[in-house]
Peer 1: 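Structure incoming, see below.
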Amino acid sequence: MTRVTAAPPSEYVEQVLDVVDAIPPGRVMSYGMVAEVVRERTGSGSARTVGAVMARYGSAVPWHRVVASDGRLPPGHEDEATRRLRAEGVGFRGVKVAMDAARWWPGDPA
DNA sequence: ACTATGACCAGCG
DNA sequence: ACGCTGGCCATAG
């Protein structure tokens, strides 16, 4: 029925959330990687816009599996993200995620 | 319609 | 390792 549309999720937003939701446990993708995949579908987007979408709609998806390209965790949620990722078996290198081992692309084996 | 903002990224000093 | 710069483009006001 009439659903609230105070902030109607655009097609772009849906695609971003879809990609993030597909990341398997124990693996991660960077904002830039997500942006690239979404760009193949919608034809537009960038790492920065993905970050903007996550900030607004991230709560609906496993946001902790999206990290910065160098393995840093999202500002303000580092604690939470670290806990969840460790629980999934993601490797760490200091406070950062070990991207070389955890990085995942759609189509790759989980 | 326009401006400002930002959970980014790669390059450079 | 650290800070700064330019480019990126959807969202919000």
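Per chain, numbering begins at 1; letters A, B, ... match sequence-line order. Everything numeric here is computed off the predicted structure, so don't read it as measured data.
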Peer 1: Can you figure out which of dT11(C), dA12(C), dA7(B) approaches the side chain of Y12(A) most closely?
Peer 2: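 Of dT11(C), dA12(C), dA7(B), dT11(C) is nearest to the side chain of Y12(A).
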
Peer 1: Output yes when D18(A) and R41(A) qualify as a salt bridge under the 4.0 Å nitrogen-oxygen rule, no when they do not.
Peer 2: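 So D18(A) pairs with R41(A) through a salt bridge.
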
Peer 1: Are any of S44(A)'s side-chain N or O atoms less than 4.0 Å away from OP1 or OP2 of dA10(C)?
Peer 2: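 Yes.
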
Peer 1: Atom CD of residue position E36(A) - does it have more than 12 heavy atoms of other residues, nucleotides or ligands inside 6.0 Å?
Peer 2: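 No, not enclosed.
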
Peer 1: Measuring to OP1 and OP2 of dC9(C), would you say a side-chain N or O of R39(A) lies under 4.0 angstrom away?
Peer 2: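 R39(A) to dC9(C) OP1/OP2: side-chain N or O found under 4.0 Å.
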
Peer 1: Give the rounded distance in Å between these two atoms: OH of Y57(A) and C1' of dT11(C).
Peer 2: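 Atom OH in Y57(A) sits about 8 Å away from atom C1' in dT11(C).
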
Peer 1: Rounded to whole angstroms, how far apart are CD on Q15(A) and P on dA10(C)?
Peer 2: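 So the two atoms are 13 Å apart, to the nearest Å.
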
Peer 1: So, do H77(A) and W63(A) sit near enough that their side-chain heavy atoms are less than 4.5 Å apart?
Peer 2: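 The answer is yes; the side chains approach within 4.5 Å.
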
Peer 1: May I have the distance from D70(A) (atom CG) to dC9(B) (atom C1'), rounded to whole angstrom?
Peer 2: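 Atom-to-atom, D70(A) to dC9(B), this comes out as 9 Å.
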
Peer 1: Between atom CD1 in I23(A) and atom C1' in dA7(B), what is the gap in whole Å?
Peer 2: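 About 13 Å, once rounded to whole Å.
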
Peer 1: Should S69(A) be listed as having a side-chain N or O under 4.0 Å from OP1 or OP2 of dC9(B)?
Peer 2: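 So the side-chain polar atoms of S69(A) do come within 4.0 Å of the phosphate oxygens OP1 or OP2 of dC9(B), strictly under.
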
Peer 1: Looking only at the side chain of P75(A) (C-beta and beyond, no hydrogens), which of the listed nucleotides dA7(B), dA12(C), dA10(C) gets closest?
Peer 2: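 Shortest atom-to-atom distance from the side chain points to dA7(B).
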
Peer 1: Could you check which of dA12(C), dA7(B), dG6(B) has an atom nearest any side-chain atom of A52(A)?
Peer 2: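 The answer is dG6(B), which lies nearest to the side chain.
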
Peer 1: Could you state the atom-to-atom distance from CD of E11(A) to P of dC9(C) in whole Å?
Peer 2: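 These atoms are roughly 17 Å apart.
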
Peer 1: Hey, which of these two, K96(A) or V53(A), hits DNA chain C nearer its 5' end, going by closest nucleotide?
Peer 2: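 That would be K96(A).
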
Peer 1: Considering every strand and a 4.0 Å limit on heavy-atom distances, what is the contact class for A55(A): base, sugar-phosphate, or nothing?
Peer 2: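 Result for A55(A) = base.
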
Peer 1: Tell me whether the OP1 or OP2 atom of dC9(B) has a side-chain N or O from R48(A) closer than 4.0 Å.
Peer 2: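 So the side-chain polar atoms of R48(A) never come under 4.0 Å of the phosphate oxygens OP1 or OP2 of dC9(B).
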
Peer 1: Side chain of S46(A): nearest nucleotide among dT11(C), dA7(B), dC8(C)?
Peer 2: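 Ranking dT11(C), dA7(B), dC8(C) by closest atom to the S46(A) side chain puts dC8(C) first.
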
Peer 1: Determine whether more than 12 heavy atoms belonging to other residues, nucleotides or ligands lie under 6.0 Å from atom CZ of R72(A).
Peer 2: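 Counting other residues, nucleotides and ligands, CZ of R72(A) stays at 12 neighbours or fewer.
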
Peer 1: How many whole angstroms separate atom CE of M54(A) from atom P of dC9(B)?
Peer 2: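 Checked: the CE to P distance equals 12 Å.
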
Peer 1: I need the OH-P distance between Y31(A) and dG7(C), as an integer number of Å.
Peer 2: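 The answer, rounded to whole Å, is 24 Å.
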
Peer 1: Please tell me if the side chains of P106(A) and M29(A) come closer than 4.5 Å, counting only heavy atoms from C-beta onward.
Peer 2: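 Yes, their side chains come closer than 4.5 Å.
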
Peer 1: I want to verify a distance call: between dG7(C), dC9(C), dT11(C), whose nearest atom is closest to the V13(A) side chain?
Peer 2: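 Of the options given, the side chain of V13(A) lies nearest dT11(C).
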
Peer 1: Output yes when at least one side-chain N/O atom of T49(A) is less than 4.0 Å from OP1 or OP2 of dT11(C), else no.
Peer 2: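 For dT11(C), neither OP1 nor OP2 has a side-chain N or O of T49(A) closer than 4.0 Å.
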
Peer 1: Rounded to the nearest angstrom, tell me the gap between atom CG in L17(A) and atom P in dT11(C).
Peer 2: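 To the nearest whole Å, that distance equals 10 Å.
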
